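Here's the structure, in structure tokens; my notes come after.
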Amino acid sequence: MVMNNRYNPLEIEAKWQKQWERSQNFLVTHRDHRPKYYVLEMFPYPSGRIHMGHVRNYSIGDVVARLKRMQGFNVIHPMGWDAFGLPAENAAIKNRTHPAKWTYENISYMKAELRKLGYSYDWTRELATCHPGYYKWEQLFFLRFMEKGLVYRKKAPVNWCPECLTVLANEQVEAGVCWRCDSVVEKKELAQWFLRITSYAEELLECLDSLSHGWPERVIAMQKNWIGKSTGMEIDFQVEGLNRKIRVFTTRHDTLFGATFMSLAPEHELVQELIKDSPDREGIIGFIDNVTRMDRISRTSENLEKEGCFTGKYCLNPVNGERMPIFIANFVLVEYGTGAVMAVPAHDQRDLEFARKYDLPVKVVVQPEDISLQADMETAYSGAGTMVNSGQFDGMFSENFKEAIADYLEHEGLGKRTVNFRLRDWNISRQRFWGAPIPIIYCEKCGPVPVPEKDLPVILPQDARMPEDGRSPLPELESFLNVSCPVCGGVGRRETDTMDTFVESSWYFARFTDARNDNQPFDKEAARYWLPVDQYIGGIEHAILHLLYSRFFVKALRDLGYLDIDEPFSNLLTQGMVLKDGAKMSKSKGNVVDPDEMINKFGADTVRLFCLFASPPEKDLEWSDSAIEGAFRFLNRLWRLVMELLPELRPTGPCAVLDQDFLSEGEKSLRTKEHESIQKITRDMIDKFQFNTAIAGAMELVNAIYQSKDELGDSPNRCEVLSSAISSVLTVLSPITPHVCEELWTRLGYDYPLSQSSWPRHDDRALLRDEVLVVIQVNGRLRSKMSVPADISREELRRLALNDEKTLKHIQGGDIIKTVIIPQKLVNIVVKNR
RNA sequence: GCGAGAGUGGCGGAAUUGGCAGACGCACUGGACUUAGGAUCCAGCGGGAUAACCGUGGGGGUUCGACUCCCCCCUCUCGCACCA
């Protein structure tokens, strides 16, 4: 048969994929004596086709899964579909069909693509988040969250994407534009459902420390930044002539004596009352309108000139009673702190600019040591120093004064120490159809009422027709809307908003532990055994969004008694992007490389090999058509090597036990290379996930075998040494290129599959060489090399080095000051010229 | 501005963490085998008059010895950014 001679990837790949499926090798249960290992890749949105980014992501994950299996772990490696989302609705409108149809068709196509790549998934755990059997439990969690006070409904100005026709959470607005479609986000006043993620702000921040070993530093930094904890005080300022107080949040209460005016956000709740009888009311309202109409990008731009207008009212500084004019300022944000800022122009640059513009007083209260600050300063001083102009506190160090004034204000009831977070509650209402319905019924009498647990799931109607204009059909779908109130039996109407799709991805990793459970979200025992995820792999784009939401969900589910872990993902690998011609692949740029095409041309093993070899996992990978041919060439080379030697090879196993003393020089040298390679590859693969260098190591070993097979001639242990080395190559490459390795392994005569073999262990004794190459330097410069017995004494090595011909040339005419000797490595002779 | 990361041949990338800079691969050059080669094999491949020497973004320093450690500077990528 032809296939006996030539490497035919498509044929052997189909064969082994069938074989693995039949043997059910990758199916696991939690009733197992082995230690568990949970490896998970971020599940895909079923957009239609797998792209190279997926291939890279899932290839890395599959290597980890196969590797850990070979190391003796009970490995769970599931795959599923993040199946709710807007593209399905758009496609449904276009094709005049239901989003479910498009979604399930995509899933089945993409699943076939994944199968062709030979990934070792436990497909019995497959899930699609759009299936009622999945989102039923999500709706249950919503009810549980509600009971716990973790869900509330609030009318608030929210982020509205005019393109997606729905609201967005704060995390989903990036620099003022929609994360999905880049439209400029607008503000809209709507009643929405919120998850109280802020209750966990402190813990979400603190636990980041426990992740510092397993997570990339920059992801941790981004999350810290997003949570944005700052410690300070809330202080009340009495409004003059009005029975009102303005509460500010400040981290610089040490500068309180220097506060000379007050700045309010234009949206601040007191503004309308303050300007009620102002003679310039019209002008002020005009100013407010101008500011609030601005989009978020320009409003929060640092270049925006600081502007404001005087309300005509004053408030009183609580510590010195000074009158402070109250301004409305364009740079004060209503959503941060209390929406009001005590302005201390001497010690805050923004306040200083504002004060100069409106000719407001500047009062220095913190005096630095080196220079003497004057009120006519050009830049504000924000450091520490000695208190001045601060009454009886003058002379204190500002950092100490901070505590003193805090005590004083708390004692007088004028303020209190607080912690402020940048993190806001998570708005999960979406005005979309293709999402999990929020299980709420609005009753005319009882108000919003939770759907009783026994009525779950609230199923997304199958008969919905998508309106052409892109809106959700739910608000007009009578069959869905009409329902009686579960409390009073009166007329009720269902909530028509669906949940943010990030809710589904916040707990899917837990559902994987028991994906077919019809009675509960997952069995507690199964979850306890499998969770947390030991290795999570995905793109950096979810550094905040998905990873923060999932962390919150796990903590909330823990407190509800469902889970007993604190964090979902112990280790996180953020893989780099796949680029072509230096840019991210995209249809518009026309630089897309289709995985299917590559698999058909070279086979899955080559595609996998290239993805792992071209670059370390965290770095971006530049696609190269000629480099993937190189990967294909290597597999052909490996194939030919085994085919050529096949008649004389035996299934000795990798790192076969051989008595060193009976080996010839050449045999010993190949054996040493084999064991060195195993050592290096093990270190690279297992300890560092550096598959690119591991593959390089395997290539070196293949090169060495090619050389040895000719050099060894008919030496007595030729068969054993070659068989062992080749078995080793196949074993260590098998997580990366499983099909070709299994095929060659079988042809070698093994009667058990590689996928059920153990990872090889090198023998330290095999690493010992009789002769080692030692480098000779003179004054740190390489001058000569020589091969010496490995156990040579230092003195003997020194003597040999000093008598080396090439070395002597560079020593002549100088005095030898000293020699540095690193055994088995180098000799450095330090010479000083006479 | 703040935070994280990077800078090494023509290219992707290595370097046991202070000890032969450029592993492995791509591209390229020469040769062999060939009707043919875009298959395969062998050899070469940082620069340089193939000699000295110079070379890991630049400049200093520590050291017998620095891609690696310390100080200063430059460039690039990503994230956050009027956060009170």
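Note: hydrogens, waters and symmetry copies are ignored here, and every other heavy atom, side chains too, is used. Letters go in sequence order (proteins before strands), and every chain restarts at 1. Being a predicted model, the structure only gives us computed values, none of them experimental.
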* Which nucleotide sits closest to the side chain of A:Arg422: B:rC53, B:rA81, B:rG25? -> B:rA81
* Under 4.0 Å between any heavy atoms, over every strand shown, what does A:Phe634 touch: base, sugar-phosphate, or nothing? Just pick one. => nothing
* Structure fact -> Per the O4'-C1'-N9-C4 / O4'-C1'-N1-C2 angle with a 90° window around 0, B:rU56 comes out anti
* **Polar side-chain atom of A:Ser263 near backbone of A:Phe327 as donor-acceptor pair, under 3.5 Å** => no
* To do: Confirm from the modelled atom types if A:Lys818 and B:rC64 form a donor-acceptor pair under 3.5 Å, side chain to base only.
  => no
* When you compare B:rU16 with B:rA23, how far apart are their C1' atoms, in angstrom units rounded to a whole number? -> 12 Å
* For B:rA15, take OP1 and OP2 only and decide whether either is under 4.0 Å from a side-chain N or O of A:Thr693. => no
* To do: Using a 4.0 Å heavy-atom cut-off across all strands, classify A:Val332 as base, sugar-phosphate, or nothing.
  => base
* For A:Glu174 and for A:Ala696, locate the closest nucleotide of RNA chain B by heavy-atom distance; then report the residue assigned to the nucleotide nearer the 5' terminus. => A:Ala696
* Asked: Can you check B:rU75 for me, syn or anti if syn means within 90° of 0?
  -> anti
* Looking at every strand, decide which applies to A:Val830 at a 4.0 Å heavy-atom threshold: base, sugar-phosphate, or nothing. => sugar-phosphate
* Could you give the distance separating B:rA66 and B:rG57 at their P atoms, to the nearest angstrom? => 15 Å
* Taking atom C1' in both B:rA6 and B:rG12, what distance in whole Å separates the two? -> 15 Å
* To do: Using the P atoms only, state how far B:rC33 lies from B:rG47, rounded to an integer number of Å.
  => 30 Å
* Please state how far atom CD1 in A:Ile678 lies from atom P in B:rU16, giving the value in whole angstrom units. => 20 Å
* Could you check whether the rings of A:His347 and A:Tyr381 sit parallel, tilted or perpendicular, using 30° and 60° as the cut-offs? => perpendicular
* NA contact type, A:Lys224, heavy-atom cut-off 4.0 Å: base, sugar-phosphate, or nothing? -> nothing
* Just to confirm, is there a sub-4.0 Å distance from OP1 or OP2 of B:rC41 to any side-chain nitrogen or oxygen of A:Arg640? -> yes
* To do: Round to the nearest Å and state the distance from A:Asp684 atom CG to B:rU17 atom P.
  => 13 Å
* SB check A:Lys832 A:Asp815 (cutoff 4.0 Å) -> no
* When you get a sec, tell me which of B:rA4, B:rA84, B:rA27 is the closest nucleotide to the side chain of A:Glu217? => B:rA4
* Asked: Testing A:Ile811, A:Ile817, A:Thr819 for side-chain contact (heavy atoms from CB on, under 4.5 Å) with A:Val831, which one passes?
  -> A:Ile811
* Structure fact -> Of B:rA84, B:rC20, B:rC26, the nucleotide closest to the side chain of A:Ser626 is B:rC26
* Asked: So does A:Arg356 pair up with A:Glu378, basic N to acidic O under 4.0 Å?
  -> no
* Asked: With respect to the side chain of A:Arg781, which nucleotide from B:rC26, B:rG19, B:rC53 is positioned closest?
  -> B:rC53
* Compute the ring centroids of A:Phe632 and A:Phe634, then answer whether they are less than 6.0 Å apart. => no
* To do: Would you indicate what A:Pro616 reaches in the nucleic acid, counting non-hydrogen atoms under 4.0 angstrom: base, sugar-phosphate, or nothing?
  => sugar-phosphate
* Is A:Arg252 paired with A:Asp254 through a side-chain N to carboxylate O contact shorter than 4.0 Å? -> yes
* Structure fact -> Side-chain atoms of A:Arg218 come closest, of B:rA4, B:rC20, B:rA84, to B:rA4
* What distance, rounded to whole Å, do you find between the two P atoms, one in B:rG25 and one in B:rC41? -> 11 Å
* Asked: Any salt bridge between A:Glu171 and A:Arg424, counting N to O under 4.0 Å?
  -> no
* What orientation do A:Trp623 and A:Phe610 show, parallel under 30°, tilted 30 to 60°, or perpendicular over 60°? -> perpendicular
* Structure fact -> A:Phe610 CZ to B:rC24 C1', in whole Å, measures 14 Å
* With C1' as the reference atom in both, quote the distance from B:rC78 to B:rA84 in angstrom, rounded to an integer. => 27 Å
* To do: Whole angstrom is fine here: how far is it from CG in A:Asn636 over to P in B:rG38?
  => 17 Å
* Asked: Relative to the ring of A:His542, is the ring of A:His546 parallel (under 30°), tilted (30 to 60°) or perpendicular (over 60°)?
  -> perpendicular
* Asked: Just checking, A:Arg6 and A:Trp639: is the charged tip under 6.0 Å from the six-membered ring centre and within 45° of the axis?
  -> no
* Say you pick atom C1' in B:rG44 and the same atom in B:rA52; how far apart are they, in whole Å? -> 23 Å
* To do: Find the distance A:Leu641:CG to B:rU40:C1' and express it as a whole number of Å.
  => 14 Å
* Structure fact -> Closest to the 5' end of RNA chain B, once A:Glu622 and A:Arg637 are matched to their nearest nucleotides, is A:Glu622
* Asked: Does a side-chain N or O from A:Asn692 land closer than 4.0 Å to OP1 or OP2 of B:rA14, or not?
  -> yes
* Give the rounded distance in Å between these two atoms: CG of A:Asp351 and P of B:rC83. => 10 Å
* Asked: So what does A:Ser624 touch, heavy atoms closer than 4.0 Å: a base, only the sugar-phosphate, or nothing?
  -> nothing
* Structure fact -> Intra- and inter-strand pairing of RNA chain B, written as dot-bracket with Watson-Crick and G-U pairs under 3.5 Å and | for the latter, reads (((((((..(((......[....))).(((((.......))))).((.....))..(((((..]....))))))))))))....
* Which part of the nucleic acid, if any, lies within reach of A:Gln690 when heavy atoms closer than 4.0 Å are counted: base, sugar-phosphate only, or nothing? -> sugar-phosphate
* Between A:Asn703 and B:rG25, does any side-chain N or O lie under 4.0 Å from OP1 or OP2? -> yes
* Which part of the nucleic acid does A:Gly337 contact within heavy-atom distance under 4.0 Å: base, sugar-phosphate only, or nothing? -> nothing
* To do: Look at the side chain of A:Lys825 and the base of B:rC20, then say whether one donor and one acceptor between them are separated by less than 3.5 Å.
  => no
* Asked: Using a cut-off of 4.0 Å on non-hydrogen atoms, how would the nucleic acid contact of A:Lys680 be classed: base, sugar-phosphate, or nothing?
  -> nothing
* **Rounded distance in Å between the P positions of B:rG48 and B:rG55** => 15 Å
* Any A:Arg633 side-chain N or O less than 4.0 Å from OP1/OP2 of B:rA27 -> yes
* Checking only heavy atoms, does the side chain of A:Asn828 share a donor-acceptor pair with the base of B:rC64 at less than 3.5 Å? -> yes
* Base of B:rG46 relative to its sugar, syn (within 90° of 0) or anti? -> anti
* Selection from B:rG13, B:rA21, B:rG19 that lies nearest to any side-chain heavy atom of A:Ser615 -> B:rG13
* On the ring face of A:Tyr706, is A:Arg637 found with NZ or CZ under 6.0 Å from the centre and within 45° of the axis? -> yes
* Rounded off to whole Å, could you give me the CG-to-C1' distance for the A:Asn170 and B:rC83 pair? => 13 Å
* To do: Could you check whether A:Asp620 gets within reach of a base, just the sugar-phosphate, or nothing at all, counting any heavy atom under 4.0 Å?
  => sugar-phosphate
* Structure fact -> Side-chain atoms of A:Lys785 come closest, of B:rC20, B:rA84, B:rC64, to B:rC20
* Side chain of A:Val820 only, please: which of B:rA15, B:rA84, B:rG19 is the nearest? => B:rG19
* Nearest-nucleotide pick for A:Asn225, side chain only, options being B:rG5, B:rC80, B:rG12 -> B:rC80
